[in-house]
Novice: 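Pasting a structure here, questions to come.
Throughout, protein chains are lettered first and strands after them, A, B, ... in sequence-line order, and every chain is numbered starting at 1.
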2 protein chains.
Amino acid sequence: MLQLSKKVEYGLIALRHMAMKPIGHVFTAKELANEYDMPYELLAKVLQKLVKGGVIRSLQGVKGGYSLAKRPEELPVSFVIRVIDESKPMVTECYTDGPDSCYLFGNCTIRRPLGKLQRNLNVLFDKMTVQEII
Amino acid sequence: MLQLSKKVEYGLIALRHMAMKPIGHVFTAKELANEYDMPYELLAKVLQKLVKGGVIRSLQGVKGGYSLAKRPEELPVSFVIRVIDESKPMVTECYTDGPDSCYLFGNCTIRRPLGKLQRNLNVLFDKMTVQEII
DNA sequence: TAATCTTGGACTCTCTGGGTCGTATTTATG
DNA sequence: CATAAATACGACCCAGAGAGTCCAAGATTA
């Protein structure tokens, strides 16, 4: 269906929220989840992935939470997707596992032509930053 | 995961194959399925949808089969997707059921910004035609 | 030491994409 | 007219992934 996952949506909503206050401001997962009616546990997972990807920083313990680690204008949506879903937005699975991974092997005739579409898609998601969704 | 469905892939492969011979040429589903190792029954379903969508024509009975109903250069990939999957390539489900269908209602803050991405995506899939995947 | 966070694994549940099967219908041809 | 070769179409199954939940463990501050 060619859709963004809920996780990515939640992640973008959270990042947008964070990007609207000065960098370094700390938000808790609960706070973010309540504000937008997102399932708390799931959002927590998403935020943890964003931490591992270096998008945000985390502080544990009381008074802990998450804060932006990158400036929103330097944070492309494509990067957020890759970190959360562990994959780029792909038109066909041919391109997920490197070259020559097509399940049709020699018979796949649309692989190359779709490559162009793929590149254009990448540009689209690379260009748009978190800053732009504010 | 933002991927094209197998059905669409099969459809594009079949359409590309048909587009390489002069228009009006008749191909059977079995013929197409064998050529590219696609599951016959599934491809048949796809071809039937393409018939209903006016993309190809069908002839029943012996010596029957399918033939292109449109010139490949006038057949955008977006149209093929819509016919087969019964939906446009959507970035978020917000846009599938008209306006104000967001599951977050008033709290969804990324709906509008992603609209831009959506439009760019539409342009991409509208521009590319079956002719271009040959 | 207690309260409040994040971390992270395990688990369930539902939906849909992918695929299969069976049968009815159409039609050319011997 | 009978048969074979097509499409047409509905019903069904199955595995996997996406979405969501639960719980225990570790960190930190007050």
Side-chain angles (χ1 to χ4, degrees), chain A residues 1-11 13-14 18 25-34 36-53 55-67 69 81 84-87 89-93 96 103-104, chain B residues 1-14 18 25-34 36-67 69 81 83-87 89-90 92-93 96 103-104:
Chain A
M1 277 248 229
L2 208 64
Q3 240 171 237
L4 294 182
S5 68
K6 286 274 168 77
K7 289 186 189 178
V8 168
E9 289 190 21
Y10 295 154
I13 289 175
M18 297 199 226
H25 192 294
V26 174
F27 306 83
T28 71
K30 189 184 295 182
E31 181 184 347
L32 292 167
N34 286 341
Y36 301 100
D37 277 316
M38 299 184 281
Y40 166 71
E41 292 90 348
L42 190 53
L43 177 63
K45 293 265 160 74
V46 171
L47 293 172
Q48 284 163 30
K49 288 214 172 183
L50 289 175
V51 169
K52 289 203 169 178
V55 176
I56 57 181
R57 263 185 276 270
S58 69
L59 291 175
Q60 288 193 328
V62 174
K63 288 279 174 185
Y66 302 92
S67 63
I81 295 175
I84 296 179
D85 279 345
E86 285 160 1
S87 74
M90 287 297 171
V91 165
T92 168
E93 62 178 322
T96 51
Y103 59 99
L104 288 173
Chain B
M1 275 249 229
L2 209 63
Q3 244 173 233
L4 293 183
S5 68
K6 288 272 168 75
K7 291 187 189 176
V8 168
E9 287 190 21
Y10 295 154
L12 287 176
I13 289 174
M18 297 198 226
H25 193 293
V26 173
F27 306 84
T28 70
K30 189 185 291 180
E31 183 183 347
L32 291 167
N34 286 342
Y36 301 101
D37 277 316
M38 299 184 282
Y40 167 71
E41 291 92 348
L42 189 52
L43 176 64
K45 292 263 163 79
V46 170
L47 293 173
Q48 285 163 28
K49 289 213 171 184
L50 289 175
V51 170
K52 290 204 168 179
V55 176
I56 58 182
R57 263 186 277 270
S58 70
L59 291 175
Q60 288 195 331
V62 174
K63 289 280 175 183
Y66 302 92
S67 62
I81 296 176
V83 165
I84 297 179
D85 279 346
E86 287 161 359
S87 74
M90 288 295 171
T92 167
E93 61 178 322
T96 50
Y103 58 98
L104 288 173

Novice: Could you tell me the separation between the CZ atom of A/R57 and the C1' atom of C/dT6, rounded to a whole number of Å?
Specialist: 16 Å
Novice: Could you tell me the separation between the CD1 atom of A/I84 and the C1' atom of D/dA19, rounded to a whole number of Å?
Specialist: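 For the pair A/I84 CD1 and D/dA19 C1', the rounded distance is 14 Å.
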Novice: Looking at B/S58, I'd like to know whether one of its side-chain N or O atoms comes within less than 4.0 Å of OP1 or OP2 on D/dA8.
Specialist: yes
Novice: Can you tell me how far apart NZ (A/K49) and NZ (A/K52) are? Round to the nearest 0.5 Å.
Specialist: 9.0 Å
Novice: Check every atom of D/dT7, D/dG20, C/dG18 against the side chain of A/P39 and return the nucleotide holding the closest atom.
Specialist: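 The closest nucleotide is D/dG20.
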Novice: Checking all strands, does A/L59 fall into the base, sugar-phosphate, or nothing category for heavy-atom contacts under 4.0 angstrom?
Specialist: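 The residue A/L59 makes sugar-phosphate contact but no base contact.
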Novice: Taking all heavy atoms of B/A69 and all of B/G54, pick out the closest pair and write down the distance.
Specialist: CB-O, 3.5 Å
Novice: To check you understand the geometry: which heavy-atom pair defines the closest contact between A/V26 and A/G65, and what is its length?
Specialist: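 Between these two residues, the closest heavy atoms are CG1-CA, 3.6 Å.
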Novice: So, using side chain to side chain donor-acceptor pair (under 3.5 Å) as the criterion, who are the partners of A/K7 when residues are at least two apart?
Specialist: none
Novice: Think B/Y40 has a side-chain N or O under 4.0 angstrom from the OP1 or OP2 of C/dG18?
Specialist: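 Looking at the OP1 and OP2 atoms of C/dG18, neither is under 4.0 Å from any side-chain N or O of B/Y40.
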Novice: For A/L47 and for A/K63, find the nucleotide of DNA chain C with the closest heavy atom, then tell me which residue's nucleotide is more 5'.
Specialist: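 Going by which nucleotide is closer to the 5' end, it is A/K63.
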Novice: Which residues pass the side chain to side chain contact (heavy atoms under 4.5 Å, CB included) test with A/K30, sequence neighbours left out?
Specialist: A/T28, A/N34, A/Y40
Novice: What nitrogen or oxygen pairs link the protein and nucleotides 23-27 of chain D at under 3.5 Å?
Specialist:
residue, atom, partner, partner atom, Å
D/dA27, O4', A/Q60, OE1, 2.6

Novice: Taking only residues two or more places apart in sequence or in another chain, which ones pass side chain to side chain contact (heavy atoms under 4.5 Å, CB included) with A/V51?
Specialist: A/I56, A/S58, A/Y66
Novice: With sequence neighbours left out, what residues match B/V62 under side chain to side chain contact (heavy atoms under 4.5 Å, CB included)?
Specialist: none
Novice: Applying a 4.0 Å non-hydrogen cut-off, can you work out what A/A44 is touching in the nucleic acid: base, sugar-phosphate, or nothing?
Specialist: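 No contact at all - A/A44 keeps every heavy atom at 4.0 Å or more from the nucleic acid.
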Novice: Quick one: B/K49 NZ to D/dT7 P, roughly how many Å, whole number?
Specialist: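 Taking atom P of D/dT7 as the reference, NZ of B/K49 is at 18 Å.
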Novice: Could you report the tightest heavy-atom contact between A/G11 and A/I84, atom names first, then the distance?
Specialist: CA-CD1, 4.0 Å
Novice: Specify the separation, in whole Å, of atom OH of B/Y66 and atom P of D/dA6.
Specialist: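 These atoms are roughly 12 Å apart.
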Novice: Starting at CD of A/E86 and ending at P of D/dA17, how long is that distance when rounded to a whole Å?
Specialist: 13 Å
Novice: Taking all non-hydrogen atoms of both residues, which atom of A/E9 and which atom of B/T92 are closest, and how far apart?
Specialist: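 Looking at all heavy atoms of both residues, the shortest contact is OE2-OG1, 2.9 Å.
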Novice: Atom CD of B/Q3 to atom C1' of C/dG17: distance rounded to whole Å?
Specialist: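 Atom CD in B/Q3 sits about 12 Å away from atom C1' in C/dG17.
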Novice: Excluding sequence neighbours, so at least two apart, what forms salt bridge (Lys or Arg N to Asp or Glu O under 4.0 Å) with B/K45?
Specialist: none
Novice: Please determine, for the side chain of B/Y10, which listed nucleotide (C/dA28, C/dG19, D/dT7) has the closest atom?
Specialist: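 Looking only at heavy atoms from C-beta outward on B/Y10, the closest nucleotide is C/dG19.
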Novice: Nearest-Å distance, CG (B/L32) to C1' (D/dA5)?
Specialist: 16 Å
Novice: Would you tabulate the nitrogen or oxygen pairs shorter than 3.5 Å linking the protein to nucleotides 11-13 of chain C?
Specialist:
none

Novice: Look for any protein N or O under 3.5 Å of an N or O in nucleotides 9-13 of chain D and output each such pair with its distance, or none.
Specialist:
residue, atom, partner, partner atom, Å
D/dG10, O6, B/K45, NZ, 2.8
D/dA11, N6, B/K45, NZ, 3.0

Novice: Look at the side-chain N and O atoms of B/T28 and state whether any lies under 4.0 Å from the OP1 or OP2 oxygen of D/dT7.
Specialist: no
Novice: Could you give the NZ-to-C1' distance, from A/K7 to D/dA17, as a whole number of Å?
Specialist: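 One finds 10 Å between C1' of D/dA17 and NZ of A/K7, rounded.
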Novice: Nearest 0.5 angstrom please: B/S67 OG to B/M18 CE, how far?
Specialist: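 Answer rounded to 0.5 Å: 8.0 Å.
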Novice: For A/L43, enumerate each residue passing the side chain to side chain contact (heavy atoms under 4.5 Å, CB included) test, keeping only those at least two apart in sequence or located in another chain.
Specialist: A/Y10, A/A14, A/L32, A/A33, A/M38, A/L47
